[in-house]
Amino acid sequence: MTETPQTDEHRYDFRAIEDRWLPVWEERQPFRSGREDDARPTKYVLDMFPYPSGDLHMGHAEAYALGDVISRHWVQKGYNVLHPIGWDSFGLPAENAAIKRGVDPAGWTEDNIAQQKASMKRYACSFDWDRVLMTHRPDYYRWNQWIFTRLFERGLAYRKPSQVNWCPNDQTVLANEQVVNGLCERCDTAVTKKKLTQWYFKVTEYADELLDELENLRGSWPSKVIAMQRNWIGRSAGADVSFTIEGRDEPIAIYTTRPDTLYGATFMVVAADSDLAAELAEGADDATRAEFAAYVERVKGENEIDRLSTDRPKTGVFLQRYGINPVNGERLPIWASDYVLADYGHGAIMAVPAHDQRDLDFARAMDLPVRVVLDCRDDAGEPFGDPVETGVAATGDGVLVNSEALNGLAKAEAIAAITAELEAAGTGHASTNYRLRDWLISRQRYWGTPIPIVHCETCGEVPVPDDQLPVTLPPAEGLDLKPKGQSPLAAATDWVNTTCPTCGGAALRDTDTMDTFVDSSWYFLRFLSPQKTDGPFDPVQAKRWAPIDQYVGGVTHAILHLLYARFFTKALRDMGMIDFGEPFSALLNQGMVQMDGSAMSKSRGNLVRLSEQLDEFGVDSIRLTMAFAGPPEDDIDWADVSPAGSAKFLARAWRLARDVTSEPGVDPASGDAALRAVTHRTLAESQELVEGFKFNVVVARVMELVNATRKAIDGGAGPADPAVREASEVVTILLSLFAPYCAEDMWSMLGHQDVALATYPAVDESLLVEETVTCIVQVMGKVRDRLEVPPGISQDELRELALAAPGAVRAIGDAGIRTVIVRAPKLVNIVTA
RNA sequence: GCCCCGGUAGCCCAACUGGCAGAGGCACGCGGCUCAAACCCGCGGUGUUGUGGGUUCGAAUCCCACCCGGGGCACCA
């Protein structure tokens, strides 16, 4: 047997096993992936990197357990697997903790990282520890700044004044994506609007590509995420139409998806908070101006919650101005209202109350005319009720009426016809709009990447030259980090005051920092060459490893991070730095870990502590429980699963290795044939199951194999049978994906070393061939008999056997036989007359 | 309102391209081992596959409608 010392050779003791193997792995480093002469094919498996806001929790434990199954599987399949880890270490939690405790966010962050790193090692994650990166380190964020300046040069980073989302609690602006149901994603405070000049990344430049290329991800990304991104981008096709405004030189453009209803327009609406509304009101009488001013004040006071609440009554102000409908010359009164958004389309609409619910609500509230221009019918052919009476707009398909040349056309035909007509007349054209907005990246907070721009009175916005990067954060010491609506960096006068890189004159640094989602938009590329000092990443390494073969992480990032990372990838591709446009070839979203139906989060208190679970049941049991609980994308309710049951199973598996008495390398051919068949069937099935992410089923299959092996040891073949060794080794290799400590210990008892690097055994196909197959004999779809037949039996032969089967004969009785369906060798169905 | 996912035994969940509804686990019960217990070993699975219809020789699986649960988007013209 083996010379490996064992604490207690009769009992599975997870504490002793963890203590035994952790130092061995630490020394042997089985998951290094950096060697240039490594000829194995490559795989890049990536877990979303954690935020260091404390120790690892149950959610991390699930994510890393599942990512590890995939990574370890590909290693055993002979791939050179890159499985790196790092920390997303800039952000508000560190800053808020620093404010609360009066400490430096850097120290707090580094302490948490050290703790998480130790926990990950204990958790036996198969990470390559030579590639660690942390986004708060200057050697990382320097390249955020470098990429920022490249985007700036290409017009993809720009500054503009706009009504932005403002969190009154965190005292900073937020991206659209960070406002959830009108609340700040971080602190759940109701978000308000504020007019500010801020930095944006031009994500909308790639809107079409971001949407269209989702199709290529179908099948390898969850359909849910694809749907969410599709919704978020929200492409709509329609037309821009010009309306002349009385008393204004320039016409104004409106956007509509329903140009077919142009003859049904009875008024126009401009967004109350838009510049256009202010300008139009300026040209009205004093009373109107006063009314408008009061209305705008009221609208500005509303937070997002109020604004989004459904079925609130429509409000607005008639601006005493008129637009002219280009198709029929009608005068349309212009109203200002908050139901039109300033930053979508042109911030102005034509209102067709008969065929748009919002316009109808407004028309009814303001007593404006309604004109039906589409004859809509229900399924029974009954006409749609009068919208004025029913309050329901006719938004469906129909035939055009009251629309001159369009009369008689169907909706789609009318849209095409009128768009062509507008185009010919020079008053409109087909147009596309997106719900997606550009990404606002400025933050008025300390703990982030400084924006590498210098503001010079003479030269304007000047990017900091590459050789002066990084622009490092000034020390937090002496700065007031409390949120106050202006970046804490503004108080670092020595830091702010600088010289203009272009003209050498006095200039000021931009005092905002970047949204931390910038950091995570390209970190997967930095992992390929984390120490590189003359560029963000090595293009040669990118060619070798990227894009990522398998990305693993929570569905919470379905829009934010994944969309931004896709945008960065496309932008970097267009800069010629990489040759692919999609960063993540395949995506697995694990579910959440809950307790009694409620989520475990910081705010609700962590209901189950990972460290306590690990102490009580061991690392392997927790990892196995995560994998066995159900499909990875389903949420796990910790109350429904049994880490104790997992521990029991591991002990049972472990005892197999303990009991094997044959020597390593013994030829299994002479072993128990029945057990060998189970072993090789498990082997054949497991790789498909792992690659299909059915980890819970793999575990079930391994349990079956363990049961079969135990039966062989105790009952038939005995512990010396070579098939028992073969089965035990297969159990060990498969188990190492889920329970690396237990598997390593078993592997050692079986006389081997480094189970993580064990080769996935070849499947012996000849053992999968069954000698007989059970054939079901059905009569009228009901099972009436069973036959043991050879797998190669002919259709005719089986048909005869089935017709003679006693159960079938009995069921057929006197009835005649109409048809016999034969699916050799598994099924015959006899259809009686 | 629109979109996505799900509903199988007391519970968590399997079930290939439509072909025997049950792999694995939890819980529970019984038996063995033991002075006794724990551990361990063994045995124990009929249920409206959410409901109703349709297609089919045959439906958990495909189609339609609805119910329930979860998630996303939503005054985006």
Side-chain angles (χ1 to χ4, degrees), chain A residues 11-12 180-181 222-236 238 254-258 261 268-269 271 307-312 314 337-341 343-352 355-359 361-362 395 433-437 555-556 558-559 591 597 624-625 628-631 633-637 639-646 648-649 651-652 655 685 688-689 694 696-707 710-711 714-715 774-786 818-823 826-832:
Chain A
R11 231 183 69 236
Y12 169 74
V180 180
N181 294 325
S223 56
K224 179 182 181 175
V225 175
I226 291 175
M228 284 166 75
Q229 293 220 355
R230 171 173 297 279
N231 279 344
W232 188 260
I233 296 166
R235 179 162 64 193
S236 89
I254 62 99
Y255 172 73
T256 179
T257 54
R258 295 293 305 276
T261 62
M268 300 177 72
V269 186
R307 211 182 63 74
L308 292 175
S309 75
T310 46
D311 34 86
R312 60 197 270 264
K314 291 279 184 290
S337 174
D338 63 351
Y339 87 89
V340 171
L341 307 178
D343 59 351
Y344 183 78
H346 304 284
I349 62 159
M350 67 168 188
V352 184
H355 304 291
D356 182 281
Q357 191 58 49
R358 296 149 303 187
D359 295 347
D361 294 342
F362 192 82
T395 55
N433 263 290
Y434 304 89
R435 217 195 67 91
L436 180 72
R437 307 292 201 273
V555 74
T556 45
I559 297 174
L624 185 72
T625 302
F628 186 52
E633 54 278 4
D634 287 7
D635 290 343
I636 298 173
D637 196 320
D640 289 336
V641 296
S642 172
S646 297
K648 198 170 119 183
F649 163 69
R652 193 168 151 81
R655 289 194 299 271
E685 265 185 76
E688 279 176 39
L689 290 167
K694 297 186 170 190
N696 53 327
V697 186
V698 179
V699 175
R701 293 289 172 269
V702 176
M703 286 172 169
E704 284 179 76
L705 182 54
V706 167
N707 291 343
R710 171 50 54 196
K711 207 162 258 176
D714 292 347
T774 306
C775 174
I776 309 306
V777 182
Q778 297 180 336
V779 177
M780 298 299 282
K782 289 205 171 70
V783 181
R784 297 299 186 185
D785 213 329
R786 282 154 221 275
R818 188 145 53 118
T819 330
V820 182
I821 285 128
V822 185
R823 295 277 181 274
K826 300 195 80 170
L827 177 128
V828 176
N829 187 16
I830 300 159
V831 185
T832 53

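This structure is a prediction, so every number in the text was calculated from the model and none was measured.
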Atom pair [atom1]/[atom2] of [X] and [Y] - distance to nearest 0.5 Å:
X: A:F649; Y: A:N707; atom1: CZ; atom2: CG; result: 8.0 Å
X: A:R437; Y: A:Y344; atom1: CZ; atom2: OH; result: 7.5 Å
X: A:N433; Y: A:R235; atom1: CG; atom2: CZ; result: 12.0 Å
X: A:Q229; Y: A:K224; atom1: CD; atom2: NZ; result: 13.5 Å
X: A:L827; Y: A:Q778; atom1: CG; atom2: CD; result: 4.5 Å

Over all atoms of both residues, closest heavy-atom pair of [X] and [Y]:
X: A:Y255; Y: A:S236; value: OH-OG, 2.7 Å
X: A:S646; Y: A:L624; value: CB-CD2, 3.8 Å
X: A:V269; Y: A:S337; value: CG1-CB, 3.7 Å

[atom1] gap between [N] and [M], integer Å:
N: B:U8; M: B:G22; atom1: C1'; result: 10 Å
N: B:G69; M: B:G50; atom1: P; result: 16 Å
N: B:G29; M: B:G10; atom1: C1'; result: 14 Å
N: B:C63; M: B:A23; atom1: C1'; result: 30 Å
N: B:A14; M: B:C20; atom1: C1'; result: 15 Å
N: B:A9; M: B:A15; atom1: P; result: 15 Å
N: B:G19; M: B:U61; atom1: C1'; result: 11 Å
N: B:U49; M: B:A59; atom1: C1'; result: 11 Å

Round to the nearest Å and state the distance from [X] atom [atom1] to [N] atom [atom2].
X: A:R258; N: B:A77; atom1: CZ; atom2: P; answer: 12 Å
X: A:K314; N: B:A77; atom1: NZ; atom2: P; answer: 14 Å
X: A:M228; N: B:A74; atom1: CE; atom2: C1'; answer: 14 Å
X: A:E633; N: B:G72; atom1: CD; atom2: C1'; answer: 17 Å
X: A:L436; N: B:C73; atom1: CG; atom2: C1'; answer: 13 Å
X: A:R435; N: B:A74; atom1: CZ; atom2: C1'; answer: 8 Å
X: A:Y255; N: B:C75; atom1: OH; atom2: C1'; answer: 16 Å
X: A:F649; N: B:G25; atom1: CZ; atom2: P; answer: 9 Å

Along nucleotides 12-22 of chain B, 5' to 3', which nucleotides get a B, which get an S, and which get a -, given that the test is a protein heavy-atom distance under 4.0 Å?
SSSSB--BB--

Quick check: on RNA chain B, is the nucleotide nearest A:E704 upstream (toward 5') of the one nearest A:H346, or the reverse? Name the residue that is more 5'.
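Its nearest nucleotide being more 5', the pick is A:E704.
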
Taking any heavy-atom pair under 4.0 Å as a contact, classify [X]: base, sugar-phosphate, or nothing.
X: A:T819; value: nothing
X: A:R784; value: nothing
X: A:S236; value: sugar-phosphate

Could you write out each protein N or O paired with an N or O of nucleotides 38-42 of chain B at a distance under 3.5 Å?
from	atom 1	to	atom 2	distance (Å)
B:C40	O3'	A:R655	NH2	3.0
B:C41	OP1	A:R652	NH1	2.2
B:C41	OP1	A:R655	NH2	3.2

Can you find a side-chain donor-acceptor pair between A:R823 and A:N829 that sits under 3.5 Å?
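There is no such pair (donor and acceptor under 3.5 Å, judged by atom type) between the side chains of A:R823 and A:N829.
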
Which protein N or O atoms sit under 3.5 Å from an N or O of nucleotides 1-8 of chain B?
none

Please determine whether a side-chain nitrogen of the Lys or Arg among A:D356 and A:R258 lies less than 4.0 Å from a carboxylate oxygen of the Asp or Glu.
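Looking at A:D356 and A:R258, the cut-off is not met.
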
For Watson-Crick and G-U wobble pairs within 3.5 Å on both distances, what is RNA chain B written in dot-bracket notation, | included for inter-strand pairing?
(((((((..((((.....[..).))).(((((.......))))).....(((((..]....))))))))))))....

Can you name the ring-ring contact (aromatic ring centres under 6.0 Å, His included) partners of A:Y339, sequence neighbours left out?
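In terms of ring-ring contact (aromatic ring centres under 6.0 Å, His included), with neighbours along the sequence ignored, A:Y339 is linked to A:F362.
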
If you apply the rule side chain to side chain donor-acceptor pair (under 3.5 Å), what do you find for A:N231 with A:R435, and how did you get there?
CA-CA 8 Å; A:N231 279 344; A:R435 217 195 67 91; over 6 Å; no

Per atom distances to the A:V340 side chain, the nearest of B:A74, B:C75, B:A77 is B:A77

Using a cut-off of strictly less than 4.0 Å, decide whether A:R818 has a side-chain nitrogen or oxygen near OP1 or OP2 of B:C57.
no

Report yes if a side-chain nitrogen or oxygen of A:Y344 is closer than 4.0 Å to either non-bridging phosphate oxygen (OP1 or OP2) of B:A77; otherwise report no.
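It does, given that an N or O in the side chain of A:Y344 lies less than 4.0 Å from OP1 or OP2 of B:A77.
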
Any side-chain heavy atom of A:V225 within less than 4.5 Å of one from A:P222?
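A side-chain contact exists here, since the closest heavy-atom pair is under 4.5 Å.
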
I want to check something: taking the side chain as every heavy atom from C-beta on, are A:M780 and A:V831 in contact at a cut-off of under 4.5 Å?
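They are in side-chain contact.
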
Report all side-chain donor-acceptor pairs from residues 696-705 of chain A shorter than 3.5 Å, counting only partners two or more places apart or in another chain.
from	atom 1	to	atom 2	distance (Å)
A:R701	NE	A:E685	OE1	2.8
A:R701	NH1	A:E704	OE2	2.8

Test side-chain contact (heavy atoms from CB on, under 4.5 Å) applied to A:R784 and A:I776, A:V779, A:V828, the passing residue
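Testing each of A:I776, A:V779, A:V828 against A:R784, the sole residue satisfying side-chain contact (heavy atoms from CB on, under 4.5 Å) is A:V779.
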
